[in-house]
Amino acid sequence: MQYFSSPKSYARSTAVMSMVGYIIGLGDRHLDNVLIDMTTGEVVHIDYNVCFEKGKSLRVPEKVPFRMTQNIETAFGVTGVEGVFRLSCEQVLHIMRRGRETLLTLLEAFVYDPLVDWTAGGEAGFAGAVYGGGGQQAENKQSKREMERDITRSLFSSRVAEIKVNWFKNRDEMLAILPKLDGSLGEYLNLQEQLTDVEKLQGKLLEESDYLEGAEGVDHPSHTLQHRYSEHTQLQSQQRAIQEAIQVKLNEFEQWISHYQAAFSNLEATQLASLLQEISTQMDLGPPSYVPATTFLQNAGQAHLISQCEQLEGEVGSLLQQRRSVLRGCLEQLHNYATVALQYPKTVFQKHRVEQWKTWMEELIVNMTIEHCQDVYRKYEIQYAPQPPPAVCQFITSTEMTLQRYAADINSRLIRQVERLKQEAVTVPVCEEQLKEIERCIKVFLHENGEEGSLSLASVIISALCTLTRRNLMMEGAASSAGEQLVDLTSRDGAWFLEELCSMSGNVTCLVQLLKQCHLVPQDLDIPNPAEASEAIHLANGVYISLQELNSNFRQIIFPEALRCLMKGEYTLESMLNELDSLIEQITDVPLQTLVESLQAYLRNAAMGLEEDAHSHYIDIARLLHAQYGELIQPRNGSVDETPKMSAGQMLLVAFDGMFAQVETAFGLLVEKLNKMEIPVAWRKIDIIREARSTQVNFFDDDNNRQVLEEIFFLKRLQTIKEFFRLCGTFSKTLSGISSAEEQNTVNGPVPMVNVKTLYRNCCFNEDQMAKPIKAFTADFVRQLLIGLPNQALGLTLCSFISALGVDIIAQVEAKDFGAESKVSVDDLCKKAVEHNIHIGKYSQLVMNRATVLASSYDTAWKKHDLVRRLETSISSCKTSLQRVQLHIAMFQWQHEDLLINRPQAMTVTPPPRSAILASMKKKLHTLGQIEASIAAVQEKLAALEASIEQRLKWAGGANPALAPVLQDFDATIAERRNLVLKESQRANQVTFLCSNIIHFESLRTRTAEALNLDAALFELVKRCQQMCSFASQFNSSVSELELHLIHRVGTNLDHPIGSSEWLISAHKQLSQDTSTQRTVQTEKEQQIETVCETIQNLVDNIKSVLTGHNRQLGDVKHLLKAMAKDEEAALADGEDVPYENSVRQFLGEYNVYNNLVNFASPLITDTPNECSSPTSAATCQPTFAAAVRSNTGQKTQPEVMSQNTRKLIQKNLAPSADTPPGAITGAGKSVVSSPKKAIRDPKTGKAVQERNSYAVSVWKRVKAKLEGRDLDPNRRMSVAEQVDYVIKEATNLDNLAQLYEGWTAWV
């Protein structure tokens, strides 16, 4: 028996020590450290110095998990490791896994033990001392701080796992109590309010009783109460009557205003056009209603009904056609009205009679006093006086005269342009045909003459370009010498300088384009290619075109839209402009002009080679302003997937800015092209290139200076935008009839006379003044940036083509280069090229003459086309401007028709007068009313006939079922026709609604009979109010609130008069009854409150007990949370980036919900998603009181121990990595290295801080991984059998055993 039990005990005890040794990393297992009881066979291990895998750091590392050499395995018997030993290992490992939380908790003590030296370098132990160990642990790749943090998080998760069940149970108890407490508190508050009301009522009853106590006296006020109450009642009735009358008017005003708004919103061109299209279509009423019953009626001898129906149907159709005709006339008048009325500024609606009276009545109904009534009279006199103040009259008259004068100027300019176009006697299409014909002739010439024709034509064109270059240089010289006056520089014909430069540039470009058709081959590859040089000509022309588009698009798009927005009070545009002003004020404290001047001074100093830092910081300011401005005008959207949405103001500003950006882009392409071209030094001696460079103000060879220039013109762009909107705002106020005198409210006192010429010169009345900022920007751009560059590009192009003709320009320059100031004429080079080619026989004089004729014809035709095109463009622009100013004049006259009765008529076709439009509308509305009455009468007769026919069909159908389909068809036809007539009536009603509301709006806007009648009715109401106030002021005394309450309590329907002795006795009796009743109610409420208070106290006691349990459970993990928070604080002190969002510090600062703790640790304590779910359903409705508590305590407060560096709100992923133990937070933290020599204390409390050993943390992690079966693969959890099989194979592996120390061998 002992023979059987001893090997079995030996195998089991070996299995226990092997698994325990594997888990704790026990090494140095030579046979001196393995003892055996020879009686029982039990194995006992000693000397645990080399534990926790210290053996891996020996000189020859131990690789086996436990000792299983041949001598130990042989003692197991014939089964070896496959019998009792393996089964016992599996049982031991299973038990240790089940109790892993306990084992890890016990191991935690070693982590905080300051007496144990865990460092890897000095822990070779006995084996190291004997066999030479002491190497560093090679596989420990993580820092001490990370290991320390991981162990703390894992311990935290273990604690949470232990308290999870009790935690949720505690939560459920709290959730069960809170609704009850919430209900009890609500009941308590309601009872308290009721009790307060009872006490207030008792106080009033007491005051009334005191009042009645002295009623026996002769002078007591109760004796006059009857008289005073009757006066009070009379006054109250008058006041209520007036208030009701005012409220009726206010309701009426509200309805009118809503109708006005609906009418003006329907006046848009698209809606009127839609209505007109519907009315203009052919009207089809379908078959007459009697058609299905025709056969029946004829058979029944009722043919006369058919004739009657035919007659009425014809009348209905005729009346409907008449109504449509009248409706078309109404829509035409509405269109004429909308053309002007939609231009109305916001002030027209704000100052409308209905709006003003509505405001005054609203103020009056709130404060009905004599002074307020007088104030209404005074405001009316200011606003609607028959004769406004002289200053206002003079301003309105002068403004209209100025607008008329500007219209006359545009009209005269238009007439001159039309006359000049007539003199040319051609149109743009004709000119284009002529150009195409000449181009075809040139192509034929080149085809017939080949190289000879190409060279001859090229020579002629180059000569023409030389002549154009001279003219261009003269024009650029004049522009350069004009300086600041360039903005007003015009030609003899009155054309602005930009138009002349654009025309010249276009002429040059077309000749260069024609020159490219000659296909000249360059003679020297080291000089610029003619095709490449000609690209610079096109780019220069593109800059001129973009400048021209800037000015034309401004007049056609930006100015009209900006004026419309400002007159309509578009808040988005005002908001954008205010944001722009705020942005400039925030970034710089100096004006933009000062900033521009400083940057220009920096450029001058840089050009002279002076290093000055006085203005350099302005560059950074300008760049910052540029960047912030770009963000301001960018579209704003809610998310990346949404389409950017732009407001009306933002779209206008973006479009305006985009035109400037287009100019800068075109200019940048030109500069980049010129900088890339490799120009021979000798070519700079050519006269046109030298003269062009001499006119150039700034040079763009240096990138830094070029960037400064870009910032300067960005600032000029901002100045232009701000100045334009300032002028546009002034213009909108002028058109709105707002003068400076009105703004300053200078109604009384002496009125200065206004000089019309001065007003015209100094104020802003036309779009030419609006365009001044744009023209100034254009002039600055041309003068400071563009002048010189187009001629340089042209000079380089000419030189490249002359070289292609066979002239060595470099040799010609070197032959004449006798000094620095010497130069070579491009005309001479061109002549030499022609003479050279004629001399060598490249082309004959005859071919040359033909080419001259063709080139001259092409140039003349192009100039003719350009002139006609410019004239037509100018005529179109003048017509648009004239129409716009005529609308402005008409709108201004309509606004101030009461003042401008004898206004002069405009020169050209304008919208019809307002009075004519309104009179026509009234007439057509009257006609519509008559037609509607006629239609209603005919429809009534037709309906009677249809009812008669229907009744006959029903009677006959009763006897003859075959008539049922006839009856159905008859009913369907009637329904269809009635629907068509109904739709026609709806359209008519819509047009009638528009016309009637427009007529009503305009009749009350001006001084008409309707407006005066409305004023009279409202003044009568104000007069009644004033009389009521005077009547109230006559009373020497009034009825107090106490007396009113007493009268209402006792009542006025008694047989005795108020104040009599009988009435006083009744009052005493009533007060006694009410006082007794209220005392009874008070007693009941107090008893109910006492009961509720006891309930609340019991609930509070229950909550205290629940919170005690909660705090007790939280105390189990609170020290770990504080340790993790302190770790984060230490990391912040070391300068690491530890976000506050989703950190332990935030959790401690915001913790207020039971679920937070488990959710915070749930990734650490469970392997399945549902394991940490609450026992209570997630859909549990939270009580109101609980929600209130959470809302009060859930603010993002931070604990006091936090430093300012911790208050960062950056989201960071908190999921633990796969190759580290699970943790609550993955963030950098500070490691506190344990030292037994010196204790570290908290700097605030002075208490010793319990520190963790970072090496022990890694040991703890390794043990935890083994207990979970994840030591081989952290991402996969092995089963017990798999883990045992793995460690047995590792322990018996010959390669691992071969590396052991000699002390491990079987014979030692």
Examine distances only and state if a side-chain atom of Asp28 and a backbone atom of Asn49 form a donor-acceptor pair shorter than 3.5 Å. no
Looking at every heavy atom in both Ser18 and Thr14, which two are closest together, and how far apart are they? OG-O, 2.6 Å
Heavy atoms only: give me the nearest Ser13-Gly41 pair and the separation to one decimal. OG-O, 3.9 Å
Do Ile95 and Arg98 have side chains that approach each other closer than 4.5 Å (heavy atoms only, starting at C-beta)? yes
I want to check something: taking the side chain as every heavy atom from C-beta on, are Arg1112 and Asn166 in contact at a cut-off of under 4.5 Å? no
Verify side chain to side chain contact (heavy atoms under 4.5 Å, CB included) between Asn1293 and Lys1289, making sure each step is shown before the conclusion. CA-CA 6 Å; Asn1293 185 277; Lys1289 287 180 179 179; over 6 Å; no
Just wondering, do Tyr10 and Ile72 contact through their side chains at under 4.5 Å, heavy atoms? yes
Mind checking whether Leu31 and Asn71 have side chains closer than 4.5 Å, heavy atoms only? yes
Quick one: CG on Leu26 to CG on Asp47, what's the gap to the nearest 0.5 Å? 8.5 Å
Side chain to side chain contact (heavy atoms under 4.5 Å, CB included) between Arg1276 and Glu1282, intermediate numbers included: CA-CA 12 Å; Arg1276 178 178 175 274; Glu1282 289 176 340; 3.0 Å; yes
Quick one, Tyr22 and Met96 - any side-chain contact, counting heavy atoms below 4.5 Å? no
With distance as the sole test, does Ser9 use its side chain to make a donor-acceptor pair with the main-chain N or O of Ser5 at under 3.5 Å? no
If I take atom CD from residue Glu90 and atom CG from residue Asp1285, how far apart are they, to the nearest 0.5 angstrom? 9.0 Å
Please give me the minimum heavy-atom distance between Arg97 and Gly1269, naming the atom from each residue. NH2-CA, 3.3 Å
Using atom types as modelled and distance alone, determine if a side-chain donor or acceptor of Glu53 lies under 3.5 Å from a backbone N or O of Val1259. no
Side chains of Met174 and Leu1107: closer than 4.5 Å at any heavy-atom pair? yes
Within-4.5 Å side-chain heavy-atom neighbours: Val43 and Val34: yes
Over 60° means perpendicular and under 30° means parallel, so classify the ring planes of Phe85 and Phe76, tilted if in between. parallel
Taking all heavy atoms of Leu1297 and all of Ala1291, pick out the closest pair and write down the distance. CD2-O, 3.6 Å
If I take atom CG from residue Leu104 and atom CH2 from residue Trp1260, how far apart are they, to the nearest 0.5 angstrom? 5.0 Å
For the atom pair OG (Ser88) and CE (Met19), what is the distance rounded to the nearest 0.5 Å? 10.0 Å
Mind checking whether Lys1264 and Leu107 have side chains closer than 4.5 Å, heavy atoms only? no
Closest heavy-atom pair and its distance - Leu35, Ile46: CD1-CG2, 3.8 Å
Nearest heavy-atom neighbours spanning Ile1103 and Ile177: CG1-CG2, 3.4 Å
Spacing of NZ belonging to Lys63 relative to CG belonging to Asp1295, to within rounding of 0.5 Å: 8.5 Å
At what distance, to the nearest 0.5 angstrom, does CD of Glu162 lie from CD of Gln1113? 12.0 Å
Would you please test Asn1296 and Glu1290 for side chain to side chain contact (heavy atoms under 4.5 Å, CB included) and show each step? CA-CA 7 Å; Asn1296 294 339; Glu1290 287 293 309; 3.3 Å; yes
Are the side chain of Arg100 and the backbone of Leu1267 linked by a donor-acceptor contact shorter than 3.5 Å? no
Partner of Trp167 under side chain to side chain contact (heavy atoms under 4.5 Å, CB included), chosen from Asp172, Leu1114, Val160: Leu1114
Main-chain N/O of Lys1266 paired with Gln1283 side-chain donor or acceptor, under 3.5 Å: yes
Option from Met1278, Arg86, Gln91 for which side chain to side chain contact (heavy atoms under 4.5 Å, CB included) with Val1284 holds: Arg86
